[in-house]
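Notes to accompany the following structure.
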There are 2 protein chains.
Amino acid sequence: MDDMDRRIIGLLAEDSRRALADIGGLVGLAPSSVNERIRRMVAAGVIRRFTVETDPSALDLPLLVFLRLVLRPEADATAFRQAIAGHPRILECHHVTGAWPWLIKLRVETVAEIEVALDQIRASGFLGQHETTIALSSAVAGVFVPATMP
Amino acid sequence: MDDMDRRIIGLLAEDSRRALADIGGLVGLAPSSVNERIRRMVAAGVIRRFTVETDPSALDLPLLVFLRLVLRPEADATAFRQAIAGHPRILECHHVTGAWPWLIKLRVETVAEIEVALDQIRASGFLGQHETTIALSSAVAGVFVPATMP
DNA sequence: CGTGAAATTCCTCATGA
DNA sequence: TCATGAGGAATTTCACG
């Protein structure tokens with residue numbers, strides 16, 4: 001991971017379909033050298049995957065929702081992690097500092113779907129107190145990559 | 001945006017370097033038809049860009065931080081949006097429901113950088129009360145796409 | 001670790017159904 | 001809207017500096 005690698009990553013983030021020759025021209029390397037660096041970064045896990053950023057509304061997920069919650073006292077955090085992993089609407093779930101130890105970010109099609117998601121989380125049996133926050137607009141929207149179906 | 005388009009997007013999200021022939025084989029379409037659908041989705045803005053997902057730690061941004069804040073009463077929300085747009089560490093900034101109207105997500109290299117970022121936001125002159133939350137671990141990490149340099 | 005050229009694979013585009 | 005096929009690019013590989 002030297003500076004050259006970082007420049008290549010920046011260019012790929014902008015447009016990962018760029019030709020190796022183009023990238024090479026911009027960073028001052030032969031196409032095959034660029035190719036070799038990309039191959040290494042993929043192998044090292046620096047690059048996790050080549051993907052597409054999409055418009056969430058076009059995929060019928062216009063609502064961005066944050067859930068902050070505490071688990072029930074007897075809950076097993078490991079089991080909770082597994083219970084929510086793989087939920088198609090949950091984009092992120094973090095264990096965080098503060099009074100509400102869990103922060104979940106999800107995207108849904110309608111407000112009704114918020115309740116459905118909450119019920120599904122509740123079904124794990126670990127849900128304690130919780131708080132729902134809805135995004136009204138976004139000054140910086142973030143990158144949306146659709147879930148991959150299994 | 002029919003179901004065929006959705007399947008193609010799912011496959012591209014998984015690996016956007018897949019050959020058109022592969023995708024066509026999986027969804028039952030000729031390579032040129034897949035190409036045409038992708039071209040249309042890019043033109044329509046359904047696909048925003050082809051990009052790469054990376055490991056934030058490998059790019060020296062291991063710390064995930066959430067800021068919740070209120071603006072000062074006299075603050076102009078539009079000016080605030082512009083002030084934070086383009087900040088390299090701010091991945092997301094949403095106007096949300098609830099007692100803390102703004103939610104910012106950022107990635108930084110060290111805890112010291114949290115304070116730097118806060119000071120930069122404060123420099124806009126709009127920052128009121130605020131609360132910092134640090135992610136300890138992530139059950140669902142989310143997708144990290146590095147910022148593109150201007 | 002980087003290069004350049006050969007060999008392969010892929011994309012593009014015009015045409016027709 | 002989709003499929004076919006030819007021509008032109010791009011990627012990949014590899015022997016060498």
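Throughout, protein chains are lettered first and strands after them, A, B, ... in sequence-line order, and every chain is numbered starting at 1.
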Self-check item: d(CD1, B:Ile38; C1', C:dT12) in whole Å
Solution: 13 Å

Quiz item: Taking the side chain of A:Leu20 as its heavy atoms from C-beta onward, which of C:dC11, D:dT11, C:dG2 lies nearest to it?
Solution: D:dT11

Quiz item: In terms of side-chain heavy atoms of A:Ala19, which of D:dA10, D:dT4, C:dT3 is nearest?
Solution: D:dA10

Practice problem: Starting at the 5' end of DNA chain C, write a dot or bracket for each base, bracketing those in Watson-Crick or G-U wobble pairs whose two distances are under 3.5 Å and using | for partners on another strand. | Solution: .||||||||||||||||

Exercise. Return the value, rounded to whole Å, for the distance between atom CE of B:Met4 and atom P of D:dT1.
Key: 13 Å

Quiz prompt | Any donor-acceptor N/O pair under 3.5 Å between D:dT4 base and B:Ser32 side chain | solution = yes

Quiz item: Does the pair B:Arg48/A:Asp55 count as a salt bridge with the N-to-O cut at 4.0 Å?
Solution: yes

Practice problem: Grab the CZ-C1' distance between A:Arg18 and C:dC10 for me, whole Å please. | Solution: 20 Å

Quiz item: Is any side-chain nitrogen or oxygen of A:Asn35 closer than 4.0 Å to OP1 or OP2 of D:dT13?
Solution: no

Self-check item: Between C:dC11 (C1') and B:Ile23 (CD1): distance, integer Å
Solution: 12 Å

Self-check item: No-hydrogen, no-angle side-chain donor-acceptor test under 3.5 Å, A:Arg81 and B:Ser137
Solution: yes

Practice problem: Would you verify whether the NZ or CZ of A:Arg72 falls within 45 degrees of the ring axis of A:Phe126 while also being under 6.0 Å from that six-membered ring's centre? | Solution: no

Exercise. Report yes if a side-chain nitrogen or oxygen of A:Arg40 is closer than 4.0 Å to either non-bridging phosphate oxygen (OP1 or OP2) of C:dG2; otherwise report no.
Key: yes

Quiz item: Tell me, do B:Gln129 and B:Trp100 make a side-chain contact under 4.5 Å, heavy atoms counted?
Solution: yes

Quiz prompt | Rounded interatomic separation in angstrom, taking CD from B:Glu36 and P from C:dA14 | solution = 12 Å

Quiz item: Whole-Å distance between C:dC11 C1' and B:Arg17 CZ?
Solution: 16 Å

Quiz item: Any side-chain N or O of A:Arg37 less than 4.0 Å from the OP1 or OP2 oxygen of C:dG2?
Solution: yes

Quiz item: Should A:Ile9 and A:Leu26 be counted in the same cluster of Ile, Leu, Val, Met, Phe, Trp and Tyr side chains packed under 4.5 Å apart?
Solution: yes

Quiz prompt | Closest nucleotide among D:dT4, C:dT12, C:dG2 to the B:Ala30 side chain | solution = D:dT4

Self-check item: Within-4.5 Å side-chain heavy-atom neighbours: B:Val108 and B:Val65
Solution: yes

Quiz item: Can we call the ring centroids of A:Trp102 and A:His94 under 6.0 Å apart?
Solution: no

Quiz item: Can you tell me how far C1' of C:dC11 sits from CZ of B:Arg39, to the nearest Å?
Solution: 14 Å

